[in-house]
K.L.:
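Starting off with a structure, shown below.
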There are 2 protein chains.
Amino acid sequence: MATSTAAARREEARFAYDAFLKECPTGQLLARISDKWVGLIVSALGEADDRSMRYSDLGRKIPGVSQKMLTQTLRSLERDGLVTRHVTPTVPVRVDYRLTDLGSSLGCLLSSVKIWAENHFDEVSAHRDTYDRAAAAS
Amino acid sequence: MATSTAAARREEARFAYDAFLKECPTGQLLARISDKWVGLIVSALGEADDRSMRYSDLGRKIPGVSQKMLTQTLRSLERDGLVTRHVTPTVPVRVDYRLTDLGSSLGCLLSSVKIWAENHFDEVSAHRDTYDRAAAAS
DNA sequence: CGGTATCCTTGGTGATACTG
DNA sequence: CAGTATCACCAAGGATACCG
């Protein structure tokens, strides 16, 4: 029936997208890396002394992150082999997360992006003002 | 009143977060750069011959992107001065988006990240398998 | 301290249709 | 062709409370 046209097309589109993801896994990985929290966590870890930090220190260093996202992101990073999780079974448990060599290599790139952001922020800001003023003048 | 404790705390937290954004605009910019579509669009544009592409070519080159997201992302990039929008008023209107020098400098960094993703994908994949097998063995 | 489980809101995202 | 506008949806993300 024609009633299922939209649904069918939708399913088809989703299938095509999934197929794309399988054929182009790089895009998948790139999307993961391009995650907001991944960038912040990895660069925070990269700036740390020993490339390692405690869970709560990370939470403090990255304002605005919830426990959930912190844990979730760290888990996925651990799964991807970018960080390692070291548990010290003292009385108050201590957990450290440390960048692996793989993670460090990514960390270098991400911190260069971060540095770019720092260096060009005022420039971007100026462009925004210009753009907004032009829009307001309409 | 005690009844508004949760709401108050929430508002306070939001305020603190906004304050953070103002004090640390770099994070804001970093979050914007770390957008999924920003990465894909900028690197697509960076790989183009003249660093410029037509709207519909971009849509075709980046599978899975909707018109909405494409337009929206391009607008924000234009606002930030990373791309320019050039309209050729022919009969079927032709619109080209081109990376600015600022955008190109970011494009270099993002494509290095993309290259990293390509080079290390199998490594990450291997880590994932190991991790998943360990989890399944529990 | 370092999580996990639960609920709930928000907004990102896509489908559709319409304009110039 | 290149948008804009609207709706509808679902999953990401945050708040909260509870374990080890």
Side-chain angles (χ1 to χ4, degrees), chain A residues 2-18 20-21 31-32 34-38 40-41 52-78 83 85-97 135 138, chain B residues 4-18 20 31-32 34-41 52-78 83 85-97 135 138:
Chain A
T3 55
S4 60
T5 307
R9 249 185 282 169
R10 185 174 186 170
E11 193 175 350
E12 184 184 351
R14 175 167 288 270
F15 181 78
Y17 183 64
D18 288 348
F20 160 67
L21 283 184
R32 180 135 280 228
S34 296
D35 182 70
K36 180 184 174 185
W37 300 122
V38 169
L40 292 170
I41 290 177
S52 80
M53 271 201 207
R54 297 188 59 172
Y55 178 85
S56 46
D57 288 336
L58 274 172
R60 236 170 286 117
K61 169 124 186 183
I62 307 175
V65 68
S66 62
Q67 278 194 340
K68 181 181 178 178
M69 289 325 295
L70 190 53
T71 301
Q72 186 174 306
T73 307
L74 284 168
R75 282 282 185 284
S76 74
L77 289 175
E78 187 193 2
V83 303
R85 181 170 177 270
H86 286 302
V87 181
T88 314
T90 53
V91 174
V93 191
R94 177 198 175 105
V95 181
D96 289 89
Y97 290 92
S138 66
Chain B
S4 58
T5 307
R9 247 185 284 170
R10 186 174 185 170
E11 194 176 351
E12 183 185 351
R14 175 168 289 269
F15 182 79
Y17 183 64
D18 289 348
F20 159 67
R32 184 143 279 261
S34 296
D35 182 72
K36 179 185 175 185
W37 300 121
V38 168
L40 292 169
I41 290 177
S52 82
M53 270 200 207
R54 298 188 57 173
Y55 178 85
S56 47
D57 287 336
L58 274 172
R60 235 170 286 117
K61 170 123 187 183
I62 306 175
V65 69
S66 63
Q67 278 193 341
K68 182 180 178 179
M69 281 301 107
L70 189 53
T71 300
Q72 186 174 305
T73 308
L74 284 169
R75 282 281 184 284
S76 74
L77 289 176
E78 186 194 2
V83 303
R85 180 169 176 271
H86 198 64
V87 181
T88 313
T90 54
V91 175
V93 190
R94 176 196 174 105
V95 181
D96 288 272
Y97 290 93
S138 67

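Note on naming: letters A, B, ... go to the chains in the order of the sequence lines (proteins, then strands), and numbering restarts at 1 for each one.
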K.L.:
Pairs under 3.5 angstrom, nitrogen or oxygen only, protein versus nucleotides 4-8 of chain C, please.
P.N.:
unit_1	atom_1	unit_2	atom_2	d
dT4(C)	OP1	Arg75(A)	NH2	2.8
dT4(C)	OP2	Arg75(A)	NH2	3.4
dT4(C)	O4	Gln67(A)	OE1	3.4

K.L.:
Given atom CG of Leu74(B) and atom P of dT4(D), what is their separation to the nearest angstrom?
P.N.:
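The answer, rounded to whole Å, is 11 Å.
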
K.L.:
Tell me the interatomic distance from Asp35(A), atom CG, to dA12(D), atom P, rounded to whole angstroms.
P.N.:
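So the CG-P distance, Asp35(A) to dA12(D), works out to 11 Å.
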
K.L.:
Decide yes or no on side chain to side chain contact (heavy atoms under 4.5 Å, CB included) for Tyr55(A) and Leu74(A), but give the supporting numbers first.
P.N.:
CA-CA 9 Å; Tyr55(A) 178 85; Leu74(A) 284 168; 4.1 Å; yes

K.L.:
What's the CG-P distance between Asp57(B) and dA2(D), to the nearest Å?
P.N.:
8 Å

K.L.:
Rounded to the nearest Å, what distance is computed from the CD1 atom of residue Ile41(A) to the P atom of nucleotide dG13(D)?
P.N.:
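Answer to the nearest Å: 11 Å.
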
K.L.:
Leu70(A) CG to dA15(D) P: how many Å, rounded?
P.N.:
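Going from CG in Leu70(A) over to P in dA15(D) covers 14 Å.
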
K.L.:
Just to verify, what does Arg54(A) make a side-chain hydrogen bond (donor to acceptor under 3.5 Å, both in side chains) with, not counting sequence neighbours?
P.N.:
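Once residues adjacent in sequence are excluded, Arg54(A) has no partner under the side-chain hydrogen bond (donor to acceptor under 3.5 Å, both in side chains) criterion.
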
K.L.:
Going from NE2 on His86(A) to CG on Asp96(A), what distance comes out if it is rounded to the nearest 0.5 angstrom?
P.N.:
8.0 Å

K.L.:
How many whole angstroms separate atom NE2 of His86(B) from atom C1' of dA2(D)?
P.N.:
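Result: 15 Å.
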
K.L.:
Measure from the side chain of Tyr97(A), starting at C-beta and using heavy atoms only, and say which of dG14(D), dG3(C), dT13(C) lies closest.
P.N.:
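When the side chain of Tyr97(A) is considered, dG3(C) is the closest of dG14(D), dG3(C), dT13(C).
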
K.L.:
Indicate yes or no: at least one non-hydrogen side-chain atom of Arg75(B) is less than 4.5 angstrom from one of Glu78(B).
P.N.:
yes

K.L.:
If I take atom CG in residue Asp96(A) and atom C1' in nucleotide dG3(C), what distance separates them, rounded to the nearest angstrom?
P.N.:
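One finds 15 Å between C1' of dG3(C) and CG of Asp96(A), rounded.
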
K.L.:
Measuring to OP1 and OP2 of dA15(D), would you say a side-chain N or O of Ser66(A) lies under 4.0 angstrom away?
P.N.:
no

K.L.:
Counting C-beta onward and ignoring hydrogens, is there a side-chain heavy-atom pair between Leu58(B) and Leu70(B) closer than 4.5 Å?
P.N.:
yes

K.L.:
Do any side-chain nitrogens or oxygens of Arg54(A) fall under 4.0 Å of OP1 or OP2 in dC1(C)?
P.N.:
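The answer is no; no side-chain N or O of Arg54(A) sits under 4.0 Å from OP1 or OP2.
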
K.L.:
Might you work through the side chain to side chain contact (heavy atoms under 4.5 Å, CB included) test for Leu40(B) and Val65(B), ending with a clear yes or no?
P.N.:
CA-CA 10 Å; Leu40(B) 292 169; Val65(B) 69; over 6 Å; no

K.L.:
In Å and rounded to the nearest 0.5 Å, what is the CE to CG distance from Met69(A) to Asp35(A)?
P.N.:
6.5 Å

K.L.:
Specify the separation, in whole Å, of atom NZ of Lys36(A) and atom C1' of dG14(D).
P.N.:
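One finds 11 Å between C1' of dG14(D) and NZ of Lys36(A), rounded.
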
K.L.:
Choose from dA2(D), dC1(D), dC1(C) the nucleotide whose nearest atom is closest to any side-chain atom of Val95(B).
P.N.:
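Nearest nucleotide to the side chain: dA2(D).
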
